[in-house]
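The structure under discussion appears below in the form of C-alpha cells.
Within every chain, numbering begins at 1; the chains are lettered A, B, ... in the order of the sequence lines, protein sequences first and strands thereafter.
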Number of protein chains: 2
Amino acid sequence: MTEGRSRRPGPRIEEVARVAGVSKSTVSRVINGEKYVSERSRQAVHRAIALLGYSPNHAARTLAGSKANAIALVISEQGSRVLADPFFAGVLRGVHAELAGRHVQLLLMMNQPSDGAGQIAYLTGGHVDGALVVSLHGEDPLPRTLHETGLPIVVGGRPLAGGSLPFVDSDNFNGALEAVRHLISLGREKIATIAGPADMAVGMDRLSGWRCGLAEHGLAVKLVVHSDFTPEAGALAMEQLLHMAPDLDAVFVAADIMALGAMMVLQARGYHIPDDVAVVGFDDSVVAATAVPPLTTVRQDVEQFGRTMTWRLLAELAGEEKLPLSILLPTSLVRRASA
Amino acid sequence: MTEGRSRRPGPRIEEVARVAGVSKSTVSRVINGEKYVSERSRQAVHRAIALLGYSPNHAARTLAGSKANAIALVISEQGSRVLADPFFAGVLRGVHAELAGRHVQLLLMMNQPSDGAGQIAYLTGGHVDGALVVSLHGEDPLPRTLHETGLPIVVGGRPLAGGSLPFVDSDNFNGALEAVRHLISLGREKIATIAGPADMAVGMDRLSGWRCGLAEHGLAVKLVVHSDFTPEAGALAMEQLLHMAPDLDAVFVAADIMALGAMMVLQARGYHIPDDVAVVGFDDSVVAATAVPPLTTVRQDVEQFGRTMTWRLLAELAGEEKLPLSILLPTSLVRRASA
DNA sequence: CCAGAATTTGGGAGCGCTCCCAGGTTTTCA
DNA sequence: TGAAAACCTGGGAGCGCTCCCAAATTCTGG
C-alpha cells in the first residue's frame, strides 16, 4: 500500500550501509574489492551483507558502472554437430565451474547464420565484457571481427586465419603423435589415417601429429583420407583406405565417432581388430568405451577446456599482464582393446 | 574530451525519439508493443530505430521496469551425465531457437550441490522472469520450491512428486508401447526390458509402456531389470535377464546407451541380433545408427523439447490464459537392423 | 615540525530506461 | 446532442548502483 511501485525483493545497498554504519560509497568499494578501505569498515560491511543476505542488483551495477558483469559464450555452429554435442556440453560445464562464485553472468549465444551482424552489434554494444568463442570451423571470421572491435575474447580451438587471437586448444598434435608412437611400438608399419576436414585446425593438427610420428621412424606417410566428423564419412574413408592398401595394419582415426564407422567397415570386410588392423581414435568420447572392441583413443579433457578458456578471459578482464596468448591442454592415450 | 564519463556506444532512446519526432514515452511504448500508439507514430519510431541501429539497453530496462527480460535455464545435474549430454545440447539449441529475436536473455545455471540456497535466492531475487528446469531426476525438490515462490517455471521431464507443475516431456509411454508392439508384430513373445531407474519419470513411463504393450496381447510381464543410463549397467542388466530367461527372444532397452552394453553381452553369449534376440532402444541418439547391428530405436526430438519448454514459459510470462499444464511430445519408431 | 603525499570517507549526479500521471483528442452510445 | 469512454501523447520521478569530487585524516621525509 505504501509502496509506490512494485519493488524487487531484498535489501538495497543503502540498508547495508546503514547497518554497517558507513556510507554506500564504502559498501560499494568493499563489494568491488577496491583498495582504500580500512579493515574496520571492510569487516563491518561483510557482516552487514551476511546479516541481511544482500546481493547486489546486477542491472543497476551494469547501468551505473562501466562494465557489464557478464560474458558471452558464443557457439559457432557451422555443421559438424556430431562432434560438437558432447564436446560442447563438457565445455559448458567447465565454463560454469570456473564462473562459480563470481558476480559474472553467463550469456549464451548460438551463431544463427541469419543474425551475424545483429550478434556482433550485441556483443560489441556493451552488453558483455568479453566473449568465449567456440569455433570449430577454423576459418570463421567472427572471432577476428570481435577482436578487432577491441572486445576481449578467447577462442576455443586454434583459429586458422593468421594473426594472434588468444586461444585454448587441446594438444592435438602431440595427442596424435602419441597415438602413432603407440601403434609403432605395437610393431605396426603400414599405418593409415582418417583425418578431419582440411579447413579445421583440429583436423590439421591431428594429421600433422600422425605425419611426424611416421616420419620419426621413416615410415611412409601416404595413406591419408580426409573426412568429416560423422560415422558415415568415417566408414566411407575406411573403404577408400582399404582400396588404396588392403594390407594396412593400423589406422589412426581423428575422432572416435568416425572410428565407429571405420570399425564397422573393417569388420564387414573380415578384418579382425586389433589382430589384422589396430585402430586408435581421438576424444575419448562416450562411445569409445562401448565400441566393439573397446576403442583405444586419445583423451582430451573438455571440461578443463572450458575452465581454461574462462580463466584466461577473466584474467584478461581483471587486467592481468603477461598472459599467455595461447594455451595447449595435454592429452593422454587411453589403452583399450582396439590397439 | 567532452564526455564526462565513458559512455556505452550506440544511440539512446532519446535520440530515437528526436529522430522520430515523438517523446521517449512513445518510443518505449512501441518497443514494448503496447497498445495506445497511433499507426503513424509506430511507423516513425520503427524507421528511426532502423536508421540509427538502436538497440535498447538491457540493464536500464531491467532496472527501470518490473521485469528482468531474462530467463534461466537450470540444469539439475544429479548423476546420469551420459544421458544428459547429447540431450542437453539438443535442448539448448531448441531453447535458443525459440528465443531468437525476442529481447530475452538466456542465463545458464547448473545445479552445483554446494549452492542450492544461493541459487534459489538468485532465481527468486528478481534477476529472471522465469526458469526452465531440466531435471532428469524426478524427485528433485528444486522445481517445486521455485514454483512455490511464484516464479513461473517449466520443467523438462515429468516431475515425479505429485502436484501440478507445468512440464514438457517426450511421450515416453507411447514410445515404449510402440516399440513393444513392433516386437510383437515381429512374432516375438518372450520380451524382456532393461528399464531406467525407478525414481525417474522417464524410466517409469517407458516401463509402463512396455507393460501395457505386453498386457494388450496377454504376454508375461516378468522380465524386468532396472538399471541406470550407462552402457556398463546395461550390460550387467542383460546378463541378469539372460540368467532369468536364456530363451528370451526380444529386449526393449530404455536408452540407446544401455542397449549398446546389452548388445555386447548378447553377442558375447553367442546370440545373434536380431535373429535370436531382437533389440529396441530409446532416444535415437548418435550411437544408435552406428551400433553393430544398427539399432532400432524410439526417436525423441530433443530440440523440439527445448523449443516447446521455452514457448510454454514465454506464453505464461506474456500472460496467456488457458495454457496446457503439461505437454507431451510425440515419439516415433526408427527401424534399423536390430529389430 | 611542517609541507606534501597517501589513505579513508561521504555526498550526490546520473547511467538509460519504464511507468505513473495528467491532459488532450477522438469515438461511442443513449 | 452531450457525457462518458476509449485512445493517444509528453513530462518527469526514480529503479539501485558506480564513480567523480571534495574533504578529512594519517603517514612521510627533509
Side-chain angles (χ1 to χ4, degrees), chain A residues 1-18 20-45 48-49 52 54-70 103 105 125-127 129, chain B residues 1-18 20-45 48-49 52 54-70 103 105 125-127 129:
Chain A
M1 291 299 155
T2 55
E3 302 270 314
R5 202 189 291 194
S6 80
R7 284 154 163 256
R8 258 163 286 279
R12 264 137 287 272
I13 199 173
E14 205 112 43
E15 298 198 48
V16 177
R18 201 169 41 71
V22 298
S23 71
K24 67 194 171 94
S25 297
T26 299
V27 176
S28 177
R29 286 186 190 103
V30 172
I31 290 169
N32 294 294
E34 287 172 26
K35 54 180 204 171
Y36 292 155
V37 179
S38 67
E39 197 48 37
R40 212 173 145 284
S41 299
R42 196 183 303 281
Q43 301 278 343
V45 168
I49 287 175
L52 296 171
Y54 171 74
S55 153
N57 180 298
H58 180 263
R61 301 184 78 190
T62 301
L63 183 59
S66 48
K67 57 184 194 293
N69 306 298
H103 290 287
Q105 287 191 344
H127 295 270
D129 300 318
Chain B
M1 293 294 160
T2 56
E3 301 270 317
R5 202 190 291 194
S6 80
R7 284 156 161 253
R8 258 163 287 277
R12 264 138 288 273
I13 199 173
E14 206 112 43
E15 297 198 48
V16 176
R18 202 170 40 71
V22 298
S23 72
K24 68 194 171 93
S25 296
T26 299
V27 176
S28 176
R29 286 186 191 102
V30 172
I31 291 169
N32 293 294
E34 286 172 27
K35 55 183 203 168
Y36 294 156
V37 180
S38 67
E39 198 47 35
R40 212 172 145 284
S41 299
R42 195 182 304 279
Q43 300 279 341
V45 169
I49 287 175
L52 296 171
Y54 171 76
S55 152
N57 180 298
H58 180 262
R61 303 185 76 191
T62 300
L63 183 58
S66 48
K67 56 186 195 292
N69 306 297
H103 290 288
Q105 286 191 345
H127 294 270
D129 300 318

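- The two residues B:Leu52 and B:Pro11 have their closest heavy-atom pair at O-CG, 3.6 Å.
- Residue-level contact check: B:Ser38 touches the backbone only, with heavy atoms under 4.0 Å from sugar-phosphate atoms and none from bases.
- The side chain of B:Tyr36 lies closest to D:dT9, out of D:dT9, C:dT18, D:dG10.
- The distance from atom CD of B:Glu14 to atom P of C:dC17 is 9 Å, rounded to the nearest whole Å.
- When heavy atoms are screened at a 4.0 angstrom cut-off, A:Ser41 is found touching the sugar-phosphate backbone but no base atom.
- Looking at B:Asn57 and A:Thr62, their side chains never come closer than 4.5 Å, going by heavy atoms from C-beta outward.
- Rounding to whole angstrom units, NE2 of residue B:His127 and P of D:dC15 are separated by 17 Å.
- Between the CZ atom of B:Arg61 and the C1' atom of D:dG16 there is a distance of 18 Å, given to the nearest Å.
- At whole-Å resolution of the value, NZ in A:Lys35 and P in C:dT8 are 9 Å apart.
- Between the NZ atom of B:Lys24 and the C1' atom of D:dG14 there is a distance of 11 Å, rounded to whole Å.
- In this structure, A:Thr26 reaches the sugar-phosphate backbone alone: every heavy-atom distance under 4.0 Å involves primed, P, OP1 or OP2 atoms, never a base.
- In this model, no side-chain donor or acceptor of A:Ser23 finds a partner on the base of C:dG11 within 3.5 Å.
- Regarding A:Lys67, its NZ atom lies at a distance of 11 Å from the C1' atom of D:dC17, rounded to whole Å.
- Using a 4.5 Å heavy-atom threshold, the side chains of A:Arg29 and A:Ser41 count as separate.
- The distance from atom CD1 of B:Ile13 to atom P of C:dG16 is 12 Å, rounded to the nearest whole Å.
- The side chain of A:Ser28 lies closest to D:dT18, out of C:dC17, C:dT8, D:dT18.
- A distance of 6.0 Å separates NZ in A:Lys67 from CZ in A:Arg61, rounded to the nearest 0.5 Å.
- In this structure, of C:dC17, D:dG11, D:dC21, it is D:dC21 that holds the atom nearest to the side chain of A:Arg29.
- Listed nucleotides C:dC17, D:dC19, C:dC19 differ in distance to A:Ser25; the shortest reach to its side chain belongs to D:dC19.
- Counting heavy atoms from C-beta on, the side chains of B:Glu39 and B:Arg42 come closer than 4.5 Å.
- Note: CG (B:Asn32) to P (C:dC19) measures 7 Å, nearest angstrom.
- Of all nucleotides listed (D:dC15, D:dT9, D:dC17), D:dT9 comes nearest to the side chain of B:Val37.
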